[in-house]
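These numbers come from a predicted model, not from an experiment. So you know, we letter chains A, B, ... as the sequences are listed, proteins then strands, and number each from 1. In what follows, every heavy atom counts, from backbone to side chain, and hydrogens, waters and symmetry copies are set aside.
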Number of protein chains: 2
Amino acid sequence: MTHSTGRPLRADARRNYEMLLTAGKAVFARSGTDAPLEDVGKEAGVGRGTLYRHFPSREHLFVAIIEDRVSFLETRARELLGSPDPWQALAAWLRVYDQIATGYRGMSARVGNGLTDDGSPVAAACAPMKASFELLFTRARDAEVIRADVTPVQLLTLVAALPKDPRSDSTIEPYLDIVLSGLRAGGR
Amino acid sequence: MTHSTGRPLRADARRNYEMLLTAGKAVFARSGTDAPLEDVGKEAGVGRGTLYRHFPSREHLFVAIIEDRVSFLETRARELLGSPDPWQALAAWLRVYDQIATGYRGMSARVGNGLTDDGSPVAAACAPMKASFELLFTRARDAEVIRADVTPVQLLTLVAALPKDPRSDSTIEPYLDIVLSGLRAGGR
DNA sequence: ACCTGAACACCGTTCAAGT
DNA sequence: ACCTGAACACCGTTCAAGT
């Protein structure tokens with residue numbers, strides 16, 4: 001993945017961008033998504049100013065880091081649209097969506113907050129994924145297999161907010177099951 | 001409510017403690033539980049050092065501020081133990097528990113994190129409430145009206161983590177319903 | 001015994017000076 | 001056009017000097 005604007009970069013600028021992205025992934029994986037940005041600059045071997053030139057805020061760096069995961073989720077949603085059972089497809093996608101935050105502490109909270117924060121880099125980055133998910137969601141709703149009083153974004157927000165085990169960074173066992181069971185129309 | 005140690009305080013110290021508590025409630029209500037502690041000291045009219053003498057950390061101040069709400073929840077749990085329907089009693093308590101975080105932005109997140117953080121001031125402050133809730137929980141579990149794979153603390157943590165409406169500081173409509181429905185044994 | 005505010009630490013963000 | 005690091009801002013936390 002390269003710089004988000006199509007504009008060509010000078011060779012050293014492009015190199016710094018890549019270094020920062022790699023360093024960002026390492027630092028966020030090690031210390032979570034609230035780690036000092038200073039560490040990222042240091043690990044990439046560039047000055048503070050360079051970091052802020054490429055990523056004007058923590059959110060911008062975060063978005064660049066998770067871009068591959070988000071786009072994977074988008075294609076996964078489209079694949080699951082082809083599977084026969086609307087409920088199973090929806091539930092399967094939500095499980096992947098939940099698991100994919102593993103490895104970057106604080107990622108799902110950041111996604112959950114960003115989703116409804118119009119204009120934020122996270123909202124922009126998640127828009128395509130959200131659109132694909134909505135197709136999956138609407139199919140389940142039309143099949144009347146889920147309760148009718150929840151919106152697609154609310155569901156994404158809810159699952160992103162599920163508490164994580166501090167050790168594994170993954171959702172503690174029964175939480176997602178409870179939500180999925182409660183989501184299903186008339187209980188399971 | 002007064003200073004947590006029984007030890008008598010000098011008149012000016014007691015007065016400062018009360019000023020800080022009042023100021024803390026005002027500032028947390030206005031700016032959320034992440035507001036600068038500096039503002040609290042300023043609003044109370046005392047120096048930084050005085051604030052840190054009475055409340056060694058933000059958590060200590062937070063705990064003093066929510067103490068009345070937590071103790072209310074404890075007595076409410078004991079009351080509901082007297083009501084006939086174990087499921088209705090449990091669900092009713094969880095609704096109060098959820099609503100009570102309204103007014104201090106970030107409070108429920110802080111409670112949710114603190115609950116499982118042994119040794120934290122929040123964990124200590126919530127221990128009696130937790131104990132009373134466990135009675136309510138166990139009664140429902142024994143009556144087999146809730147699923148068997150969730151623990152009392154997990155349930156408290158889950159409900160505390162439900163996303164809030166930034167405007168109202170209260171849980172967005174369908175979330176608690178989904179969780180309660182998913183919690184009920186075999187769906188509702 | 002308690003209070004005060006100066007001082008330090010940490011880290012996000014900006015910008016003047018460089019290449 | 002881009003990089004660098006000094007400088008500033010913000011705020012949590014400590015502590016020497018007071019009363």
Side-chain angles (χ1 to χ4, degrees), chain A residues 2-24 26-28 30-65 105-106 110 113-114 120-122, chain B residues 2-24 26-28 30-65 105-106 110 113-114 120-122:
Chain A
T2 63
H3 198 266
S4 49
T5 80
R7 179 168 49 84
L9 287 178
R10 220 168 66 178
D12 56 344
R14 157 179 296 277
R15 189 165 168 284
N16 281 337
Y17 179 88
E18 300 296 343
M19 296 291 281
L20 281 165
L21 194 53
T22 304
V27 170
F28 278 18
R30 189 192 315 132
S31 314
T33 60
D34 287 325
L37 290 186
E38 212 176 351
D39 293 359
V40 177
K42 226 169 260 171
E43 178 140 340
V46 305
R48 289 164 169 29
T50 305
L51 188 148
Y52 282 93
R53 159 172 288 267
H54 286 293
F55 303 103
S57 76
R58 177 185 299 275
E59 291 282 285
H60 290 269
L61 174 59
F62 175 67
V63 156
I65 287 176
R105 187 163 6 102
R110 220 167 260 286
N113 292 332
S120 78
V122 170
Chain B
T2 63
H3 199 265
S4 50
T5 80
R7 180 167 49 81
L9 286 178
R10 220 168 66 177
D12 56 344
R14 156 178 297 279
R15 187 165 169 286
N16 281 337
Y17 180 88
E18 300 296 344
M19 297 291 281
L20 282 165
L21 194 53
T22 303
V27 170
F28 278 18
R30 190 192 315 133
S31 314
T33 61
D34 288 325
L37 291 184
E38 212 176 353
D39 294 359
V40 177
K42 225 169 261 170
E43 178 140 342
V46 305
R48 287 160 167 36
T50 304
L51 187 150
Y52 282 94
R53 159 172 289 269
H54 287 293
F55 303 104
S57 76
R58 177 184 299 273
E59 290 283 283
H60 289 269
L61 174 58
F62 175 67
V63 156
I65 287 176
R105 188 163 7 102
R110 218 167 261 286
N113 293 332
S120 78
V122 171

Could you state the atom-to-atom distance from CG of A:L51 to C1' of D:dC2 in whole Å? 14 Å
Between B:N16 and C:dC3, does any side-chain N or O lie under 4.0 Å from OP1 or OP2? yes
For A:Y17 and D:dC3, give me the distance from atom OH to atom P, rounded to whole Å. 13 Å
Check the distance between C:dT13's C1' and A:E59's CD and give it to me in whole angstrom. 16 Å
Just the rounded figure in Å: distance from C1' of C:dC10 to CZ of A:R58. 13 Å
Rounded to the nearest Å, what distance is computed from the NE2 atom of residue A:H60 to the C1' atom of nucleotide C:dG12? 14 Å
Mind calculating the distance between CZ (A:R53) and P (D:dC2) to the nearest angstrom? 6 Å
Checking contacts here: which listed nucleotide (D:dG12, D:dC2, C:dC11) is nearest the side-chain heavy atoms of A:P36? C:dC11
Write down the protein N/O and nucleotide N/O pairs, taken from nucleotides 14-19 of chain C, whose separation is under 3.5 Å; answer none if there are no such pairs.
none

Closer than 4.0 Å, any side-chain N/O of A:H54 to the OP1 or OP2 of D:dC3? yes
Give the nucleotide from the list C:dC2, D:dG12, D:dT4 with an atom nearest to the side chain of B:L37. D:dG12
Fit a plane to each ring of B:H54 and B:Y17, take the angle between them on a 0 to 90° scale, and name the class: parallel (under 30°), tilted (30 to 60°) or perpendicular (over 60°). perpendicular
State the dot-bracket string of DNA chain C. Criteria: Watson-Crick or G-U wobble, both atom distances under 3.5 angstrom; notation: ( ) intrastrand, [ ] crossing earlier pairs, | interstrand, . unpaired. ||.|||||...|||||.||
